[in-house]
Structure formats: structure tokens, C-alpha cells
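Everything numeric in this text was worked out from a predicted model, so none of it was measured. Side chains are part of it too, since the values below use all heavy atoms of this structure and drop only hydrogens, waters and symmetry mates. Along the sequence shown, residues carry numbers from 1. Remember, it's 1-based here, ligands and their atoms both numbered in the order they're listed.
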Amino acid sequence: MTLGALPSYDETAVDTVGEHAIVIGGSMAGLLAGRVLADGYERVTVLDRDPLPDESIARRGVPQAVHAHVMLEPARSMLATLFPGYLDELTDAGGVTIDTARELSYHHDGGFVADGLASVPMYCASRPLFEQLTRSRAAATENVTLRAETYVTGLASDATGERVTGVNYRENGSETTLSADLVVDARGRTSPVPSWLERHGYEEPATDTVSVDVGYATTRIERPPEETTTMLVATAPPVTQGGAVIPIENDEWMITLSGIHGDHPPTDAEGFIECAEALPVPHVAELLTAHERVAEIRPYRFPSSTRRRYEQLDAFPDGLLVTGDALASFNPVYGQGMSVSALDALQLHAALAEGTDGLQTRFFDQAAEMIDPVWQLTVGSDFAHDATTGPKPPGTDIFNRYMDRLIPTAHDNDYVAEELKRVIRLQQDPTKLLAPGVLARVLAPAWLTS
Ligand SMILES: Cc1cc2nc3c(=O)[nH]c(=O)nc-3n(C[C@H](O)[C@H](O)[C@H](O)COP(=O)(O)OP(=O)(O)OC[C@H]3O[C@@H](n4cnc5c(N)ncnc54)[C@H](O)[C@@H]3O)c2cc1C
């Protein structure tokens, strides 16, 4: 399977396969999984330990929510499909639509990447707004119930331990069990499913860990309503710091600075601006000095991209699945997490359309195939930095040497820029950059392609 040839969503393709499904975690992955499960289960309950307010505010269980979140194509497309009208609601709530070809300035390796050929809309908003609208639409789904302030303490299983039968949870100080035919774990990157498996006589999944030690620092500034400057400044060796300028609701810009391998941006006002001034382009610092800051500068530290290889296990209990960051969590600078969560939901839909026999195996296998190219793109780019450690996908070094030629070509060649942007937007696999049309332009002498 490739990113360019994914299954499509068709709610009529899923018959009722069970009475009750539980999702643990009501963040993006859990909400999307919950909506998809609603096609196949009579009832779906999404549990989260946090209060889940009607307003779009950052909550404790999602500490990354105060930082810039870019919504790539798969998340945009799945949200629009699962929740018709979602994108209009987003813009009605102050979200900003830009054209990724002409209005997203993408600086990489010494220059801005050319516009490319196709106009593709990108919806910009804060992460709390993305989530709050997703939550309100999931909650409005007839057979989906969201239960806030419900802390799941463990999985319940039958006497043999071969089937998960529900969850144990704490609510208002008392412990209870809630039964279900299927439990989907969407507790994020610290999901305790591996240790639960180990305690119940299963092997833990192998975990691929690629260390990047990324630090974020984020603030928000005032934005004149008609201004929609949107910019991403990528880190490419020897540059270890980058940034993002994202127009969001309430006439604000979210400004995130990031640094890899310990080169973390400071969180004091002066240091933050100095860090922005040191970026390879002046625009971020200029915006920061010209516009009033309206939020404190908040840090976040992300140690490693982590992928749990459930698809490689010989034994796994029935009645349990894992999705979202709990399955694979990517260096956030590439903006992929919400989109991979959306694609997990799409794979869950495709797996349910074939019934529940062997559901785990089919879901984990298909999800792994879909995650492969995204993982390759993320960790492959990170291995361009010598300090990155962990399992390196085969062919990474040679591909990175090719990218050292491709990116400068994309600075002024629209065809190559288009193919690169389609990869970055997760519309196609990175191997598409080796197609003859791209290869010829990248390897040809400049006078031939200009
Ligand atoms: C700094 C940063 C920036 C990012 N930027 C982007 C970006 O630009 N674009 C993008 O697409 N993605 C981005 N991501 C990734 C994105 O945030 C996640 O991939 C996305 O939220 C999906 O995560 P999730 O739902 O699997 O888990 P999470 O968002 O981590 O949510 C887990 C949920 O589980 C709940 N929970 C945990 N334990 C329990 C329990 N015991 N009982 C009940 N509930 C529980 C939590 O309260 C929470 O709601 C970024 C991530 C980080 C860290």
C-alpha cells in the first residue's frame, strides 16, 4: 500500500459487527477512531481522564496543544469526510485557509521551495480548535458517548487472558469495570499497553526509537485580520533550529521555534527573539518585533520518534487495538501526527469492513504498511543530522545524499517542488521523488532544466 493509493471511506461498507466498543483517550486519534467505530458497533464510548469542555482550550492530557499544529492532507480529508461541514465550521470559528502552493513559504536548505503546480488548501488553526470541533462532531454522532474525567486504570480480560473484555476506570473516586466487544487504546505515546501485555504473559512489541531530542518554544502574537503569512523554516544540517509561523483564530499568529539534538530555543522573551533572528530567514524575527505578544512562551521537549511494532507479534489478545501516537509517534516538526491518526482511522474502517475475524492482525498489518513511508520520511530526514541515533531504515544515507541535490532543485523548479510538496503533505510516498521525471530534473545540469 502507498500513501497515494489508500482505501476510501464508505460508511455503507461496514455492517454491525458488535454491540459496544470503547476508545481510551479522547484526543485526535481517539475521536477519529470513535467516529469510525460508530459505523460497526451499536454503541461507542470514548473515555478521557480530562474534563472535555465545550470551549477550545488546551487541556492537561494534551500538553502539546499550545504548540503549532499543521494539518496535512490526510487529516484534512478524513475530517471533511467523517464530519461533513467540519472545514466550514473551522473557518467560521476563525480558522484561516491558505493555498499551500502560493501562500505557504517553505524554507529548506538555503532557499524557499518554489510554489509547485497545484493549489491545495491548508486549514490553519490552533490545536485546541481542531480538537474541540472534532470532539463536538464526534459527540454529536448518534451512537457515540464521550465520558470526561474518567481515568482508565487498566484493561479487563477473560480468565484465559486471551480476550480483552473491557476497561477498569476510576470516576468520581470509585473503580468500576465497563465491558465491551472491542477496546481501542488511544492514550498517546505513553500508552501502557506494552507493559499490560508483558504482565499478562504476552511479549511486548519491539519498539523502534529514533532519538532526536527536539525542543519547542511557542508563543502567540497579534495578527492584522487580512494578514495570513504562513511560514515553515526547516532544519537541515548544519542548521539545527527552525520555526513555524501559523495564522490561527482570534486574529493571532502562533510562532513556534524548534531545535534538534539539544539545541533548544529559549523561553525568555529576549532569548526567543534572538533565536528567531538567528534563523536563516529574517521574517519570523520581524513579525515578532512588529506585533504584540499575547501569550507566554511555552516549552515542550520531544525525545524520540517511537514506533511500536504490534504487527510483528505472534500473539495478541482479541478485543484490543492500539491507534494514534500509541502506535507511532513522530518528530513533530514534520506535522504528521494528526494525519497518521486519521489514516489509522481509515485503516480501522477498512479492517472493520471485512468483519472482526482476525481484526487485530489485519489492522496492525495495514496500519504498519501505511506508517512505513511516513516513518521513512521522518526518521530519514532526522538521520541527515549526525547526532540522530536508532535503527536507520535501509537506503537512508543514499536517499539523503539525493535529497541534498533535490531540495536546491526544488527552490526554482516547480515540477520538483510539486512532487516534494506532495510528499511533505503525505499525499504520496517519498519513493515518488525517485520517479524518472523528478530524477531527470534533479540530476540534469542546471542549463538543461532552466
Ligand atoms: C510539540 C508537538 C507538536 C505537534 N505538531 C503537530 C503538527 O503540526 N501536526 C500534526 O498533525 N501533529 C502534530 N503533533 C502530533 C499530534 O499532537 C498527535 O499525533 C495527535 O494529537 C494524536 O495523538 P493521540 O490522540 O494519539 O494522543 P494524545 O494527543 O497524546 O492524546 C492522548 C489522550 O489520552 C488521554 N488519556 C491518557 N491516559 C488516559 C487514561 N489512563 N484514561 C483516560 N484517558 C487517558 C489523554 O487525556 C489524551 O486526551 C505534535 C505533537 C507534539 C508533541
Side-chain angles (χ1 to χ4, degrees), residues 22-34 45-52 58-76 78-79 122-128 130-132 134-135 138 146-155 167-171 178 183-193 196 212 214-218 232 242 244 246 248 254 256-258 264-265 298-306 308 322-345 371 374 378 424-426:
I22 292 174
V23 181
I24 318 173
S27 180
M28 290 306 281
L31 294 168
L32 288 161
T45 312
V46 181
L47 309 173
D48 203 284
R49 63 186 176 189
D50 275 354
L52 299 173
R59 55 191 179 83
R60 224 179 69 184
V62 187
Q64 72 270 31
V66 296
H67 299 280
H69 269 63
V70 172
M71 181 176 281
L72 301 178
E73 260 305 283
R76 186 206 62 77
M78 269 305 269
L79 284 162
M122 183 166 102
Y123 288 78
C124 302
S126 70
R127 162 59 199 254
F130 287 139
E131 184 182 306
Q132 185 256 324
T134 309
R135 184 162 66 238
L146 261 56
R147 277 169 69 166
E149 297 180 271
T150 308
Y151 185 90
V152 171
T153 52
L155 302 173
V167 301
N168 303 318
Y169 68 94
R170 207 163 48 225
E171 192 182 40
L178 185 64
V183 175
V184 177
D185 185 88
R187 273 177 282 187
R189 55 182 272 127
T190 56
S191 153
V193 167
W196 186 91
V212 284
V214 166
Y216 265 47
T218 297
L232 298 174
I246 309 290
I248 61 168
M254 189 168 276
T256 286
L257 300 179
S258 63
H264 299 169
R298 303 276 293 273
Y300 192 93
R301 193 157 172 187
F302 182 92
S304 55
S305 297
T306 305
R308 300 206 172 95
V322 180
T323 188
D325 284 12
L327 194 53
S329 149
F330 304 84
N331 179 350
V333 302
Y334 307 106
Q336 297 160 330
M338 295 190 295
S339 284
V340 174
S341 297
L343 293 175
D344 287 348
I371 289 168
V374 187
T378 299
I424 292 170
R425 289 191 299 248
L426 300 184

Please identify which atoms of ligand 1 are closer than 4.0 Å to at least one heavy atom of G61. 46 (C), 47 (O), 48 (C)
So, does S305 use its side chain to make a donor-acceptor pair with the main chain of N331 at under 3.5 Å? yes
Minimum-distance protein heavy atom relative to atom 9 (N) of ligand 1: V70 O, 2.8 Å
Might you point out which heavy atoms bring A65 and A58 nearest each other, and give the distance in Å? CB-CB, 4.0 Å
Shortest protein heavy-atom distance from atom 38 (N) of ligand 1, along with the residue and atom involved: R187 CG, 3.4 Å
The closest protein heavy-atom partner of atom 14 (N) of ligand 1 is H69 NE2, 3.3 Å
N/O of S341 under 3.5 Å from N/O of ligand 1, yes or no? no
Evaluate Y151 for polar contact with ligand 1, using N/O atom pairs at a separation under 3.5 Å. no
Heavy-atom contact under 4.0 Å between M71 and ligand 1? no
Taking C-beta and beyond as the side chain, do M338 and L32 meet within less than 4.5 Å on heavy atoms? no
Applying side-chain hydrogen bond (donor to acceptor under 3.5 Å, both in side chains), can you list everything that pairs with R301, at least two apart in sequence or on another chain? D213
Using a 4.0 Å cut-off to any heavy atom of T150, which atoms of ligand 1 qualify? 42 (N), 43 (C)
Between G324 and ligand 1, does any nitrogen or oxygen pair lie at a separation below 3.5 Å? no
Which residue and heavy atom of the protein sit nearest atom 5 (N) of ligand 1, plus the separation: A68 O, 3.4 Å
Do Q64 and F302 have side chains that get closer than 4.5 Å, going by heavy atoms? no
Should one rank S329, G335, S191, P332 by closest heavy-atom distance to atom 51 (C) of ligand 1, which comes out on top? P332
Looking only at non-hydrogen atoms, the one of D325, L52, V340 nearest atom 23 (O) of ligand 1 is D325
Please identify which atoms of ligand 1 are closer than 4.0 Å to at least one heavy atom of Y216. 1 (C), 3 (C)
Regarding ligand 1, does Y300 bring an N or O atom to under 3.5 Å of one of the ligand's N or O atoms? no
Any side-chain heavy-atom pair from S27 and R127 closer than 4.5 angstrom? yes
Going from CZ on R59 to CZ on R135, what distance comes out if it is rounded to the nearest 0.5 angstrom? 6.0 Å
Taking both backbone and side-chain atoms of G337, is any N or O found less than 3.5 Å from an N or O belonging to ligand 1? yes
Nitrogen or oxygen atoms of V152 and ligand 1 under 3.5 Å apart: yes
Would you kindly specify which portion of A65 sits under 4.0 Å from ligand 1, judged on non-hydrogen atoms: side chain, backbone, both or neither? neither
With the side chain counted from C-beta on, respond yes when D185 and L327 share a heavy-atom pair under 4.5 Å apart, and no when they do not. no
Atom pair CD/CE of E131 and M28 - distance to nearest 0.5 Å: 7.0 Å
Just by distance, do the side chain of D50 and the backbone of G61 share a donor-acceptor pair under 3.5 Å? yes
Is ligand 1 less than 4.0 angstrom away from at least one heavy atom of A75? no
How far does OH of Y151 sit from CG of D48, to the nearest 0.5 angstrom? 11.0 Å
Note: T190, heavy atoms under 4.0 Å from ligand 1, region reported as neither
By number and element, which atoms of ligand 1 are closer than 4.0 Å to a non-hydrogen atom of A186? 32 (C), 33 (C), 34 (O)
Mind checking whether V340 and D325 have side chains closer than 4.5 Å, heavy atoms only? no
heavy-atom search around atom 43 (C) of ligand 1 in the protein gives R49 N, 3.2 Å
May I ask you to identify the nearest protein heavy atom to atom 11 (O) of ligand 1, giving residue, atom name and distance to one decimal place in Å? M338 N, 2.7 Å
Just to confirm my output: which protein heavy-atom neighbour is closest to atom 30 (O) of ligand 1, and how far is it? G188 CA, 3.7 Å
Evaluate R127 for polar contact with ligand 1, using N/O atom pairs at a separation under 3.5 Å. yes
Got T323 and V184 here, is their nearest side-chain heavy-atom distance under 4.5 Å? yes
Any N or O of H67 closer than 3.5 Å to N or O of ligand 1: no
What I want to know is whether V62 and ligand 1 share at least one N or O pair that is separated by under 3.5 angstrom. no
To check your reading of the model: name the closest protein heavy atom to atom 35 (C) of ligand 1, its residue, and the distance in Å. D48 OD2, 3.2 Å
Can you check whether S27 has an N/O within less than 3.5 Å of an N/O in ligand 1? yes
Residue-ligand contact R59/ligand 1, heavy atom below 4.0 Å: yes
Under 3.5 Å, is there a donor-acceptor pair between the side chain of S191 and the main chain of V193? yes
Give a yes or no answer on whether the side chain of T153 reaches the backbone of N168 with a donor-acceptor pair at less than 3.5 Å. yes
A29, portion touching ligand 1 at heavy-atom distance under 4.0 Å: both
Which value, rounded to the nearest 0.5 Å, describes the distance between R147 atom CZ and L47 atom CG? 6.0 Å
Would you check if V322 and R308 make a side-chain contact, meaning some heavy-atom pair closer than 4.5 Å? no
